[in-house]
J.: 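To start, I am sharing the structure in question, which I have written as structure tokens.
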Amino acid sequence: MRASLRKDGFSGYILILFVAIGLFVLLQEKNPGVKAITADEAVRFAGLDTGVVFLDVRTTEEWNSSTGHLKNALLIPLQDLHSQFGRLKHFRDRLIIVYCRSGNRSGKAARTLSDSGFNAVNLRGGIREWNAKNYPVHQESTK
């Protein structure tokens, strides 16, 4: 009987361990339920559909930095997104690909937009992934 208790107790610990690992993995998902696409997929979407809108939610300093930004992208920093919804109302029926530096802020923005009825997706890896793939960017000229 004593061996049986040890075996059952060990099984209980294993079960608790698996549940804890599962919860940890779920909590690591920064923006669960938000659709995300890769830089490769975003390039294909942009090439196939001229109606795609790129939305950069970085700061103005990041927009003007050496990483550049996607040509014709809209700049609305994440902290200004709610107050700038009016600028986006014309794009409600279009695909909005949201990006930032690494994908974290843009995931939050894509979630906000999706919850408000927009067709928004997060660019996984952000402009860093875009740059790593050597896809074209636009840089503001400094005068």
Side-chain angles (χ1 to χ4, degrees), residues 4-143:
S4 173
L5 285 175
R6 282 189 200 153
K7 186 177 180 183
D8 290 340
F10 182 72
S11 298
Y13 287 123
I14 295 294
L15 178 63
I16 291 170
L17 179 63
F18 278 116
V19 169
I21 290 171
L23 286 173
F24 177 77
V25 169
L26 284 175
L27 292 174
Q28 293 304 304
E29 179 65 41
K30 292 183 169 95
N31 296 292
V34 172
K35 294 177 189 171
I37 63 172
T38 65
D40 294 334
E41 292 168 322
V43 165
R44 276 186 251 131
F45 272 118
L48 294 173
D49 184 357
T50 57
V52 170
V53 176
F54 285 96
L55 175 61
D56 189 326
V57 295
R58 298 177 298 159
T59 65
T60 303
E61 293 78 22
E62 290 173 297
W63 170 274
N64 291 320
S65 73
S66 62
T67 59
H69 56 85
L70 280 60
K71 189 171 183 170
N72 299 321
L74 295 172
L75 172 64
I76 302 177
L78 179 61
Q79 64 270 16
D80 299 332
L81 187 61
H82 284 287
S83 65
Q84 296 292 316
F85 263 22
R87 287 181 60 197
L88 297 171
K89 67 182 176 186
H90 304 293
F91 307 121
R92 190 169 290 279
D93 296 327
R94 292 166 64 181
L95 175 63
I96 301 174
I97 300 175
V98 188
Y99 72 95
C100 64
R101 183 179 62 85
S102 64
N104 189 28
R105 286 174 286 174
S106 54
K108 292 174 186 173
R111 159 69 73 202
T112 298
L113 290 168
S114 293
D115 288 349
S116 299
F118 290 90
N119 183 18
V121 297
N122 183 25
L123 178 60
R124 186 179 298 128
I127 195 77
R128 291 170 69 191
E129 179 66 20
W130 189 272
N131 290 149
K133 298 279 188 173
N134 292 315
Y135 290 137
V137 293
H138 182 74
Q139 293 183 326
E140 299 300 317
S141 59
T142 54
K143 296 180 182 177

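Owing to the predicted nature of the structure, the values given are computational and were not obtained by experimental measurement. Computed from heavy atoms alone, side chains included, the values below leave out hydrogens, waters and symmetry copies.
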J.: How far apart are the C-alpha atoms of N131 and V137, what are their side-chain angles, what is the distance that settles it, and do they pass the side chain to side chain contact (heavy atoms under 4.5 Å, CB included) test?
T.: CA-CA 8 Å; N131 290 149; V137 293; 3.4 Å; yes
J.: Please walk me through it: do D40 and K133 pass side chain to side chain contact (heavy atoms under 4.5 Å, CB included)?
T.: CA-CA 8 Å; D40 294 334; K133 298 279 188 173; 3.2 Å; yes
J.: Which value, rounded to the nearest 0.5 Å, describes the distance between I96 atom CD1 and S106 atom OG?
T.: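 Reported to 0.5 Å precision, the distance equals 13.0 Å.
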J.: Provide the closest heavy-atom pair for T59 versus L75 in the form atom of the first, atom of the second, distance.
T.: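 Here T59 and L75 meet closest at O-CD1, 4.3 Å.
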J.: Find out whether K108 and L81 are in side-chain contact, i.e. whether some heavy atom of one side chain is under 4.5 Å from a heavy atom of the other.
T.: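 Sidechains of L81 and K108: no contact.
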J.: Does the side chain to side chain contact (heavy atoms under 4.5 Å, CB included) test come out yes or no for L74 and F91, once each step is laid out?
T.: CA-CA 11 Å; L74 295 172; F91 307 121; 3.5 Å; yes
J.: Please work out which of the three classes, parallel, tilted or perpendicular, describes the rings of F118 and F85, given edges at 30° and 60°.
T.: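 Ring orientation of F85 relative to F118: perpendicular.
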J.: Between G107 and V34, what is the shortest heavy-atom contact and its length?
T.: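 Heavy atoms only, the tightest pair is O-CG2, 3.9 Å.
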J.: Quick check: closest heavy atoms across L123 and I97, and the distance to 0.1 Å?
T.: CB-CG2, 4.1 Å
J.: For the side chain of W130 and the backbone of P136, is there at least one donor-acceptor N/O pair under 3.5 Å apart?
T.: yes
J.: Looking at every non-hydrogen atom in both residues, tell me the closest pair between C100 and V57 and how far apart they are.
T.: CB-CG2, 3.9 Å
J.: Please check this pair: side chain of Y99 against backbone of L70, looking for a donor-acceptor N/O pair closer than 3.5 Å.
T.: yes
J.: On a heavy-atom basis, which atom in H69 and which in D56 lie closest, and how many Å separate them?
T.: CB-OD2, 3.8 Å
J.: Between atom CD of Q79 and atom CD of Q84, what is the distance when rounded to the nearest 0.5 Å?
T.: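 If I round to the nearest 0.5 Å, the distance is 10.5 Å.
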J.: Closest heavy-atom contact between S102 and R128?
T.: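 Nearest heavy atoms, S102 then R128: CB-NH1, 4.0 Å.
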J.: Distance-only, no hydrogens or angles: does the D80 side chain make a donor-acceptor pair with backbone N or O of I76 under 3.5 Å?
T.: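 Flag not set: sc D80 to bb I76 has no pair under 3.5 Å.
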J.: With side chains defined as the heavy atoms from C-beta onward, is the minimum distance between R101 and T67 less than 4.5 Å?
T.: no
J.: Look up atom CD1 in I127 and atom OH in Y135, then write down how far apart they are to the nearest 0.5 Å.
T.: 12.5 Å
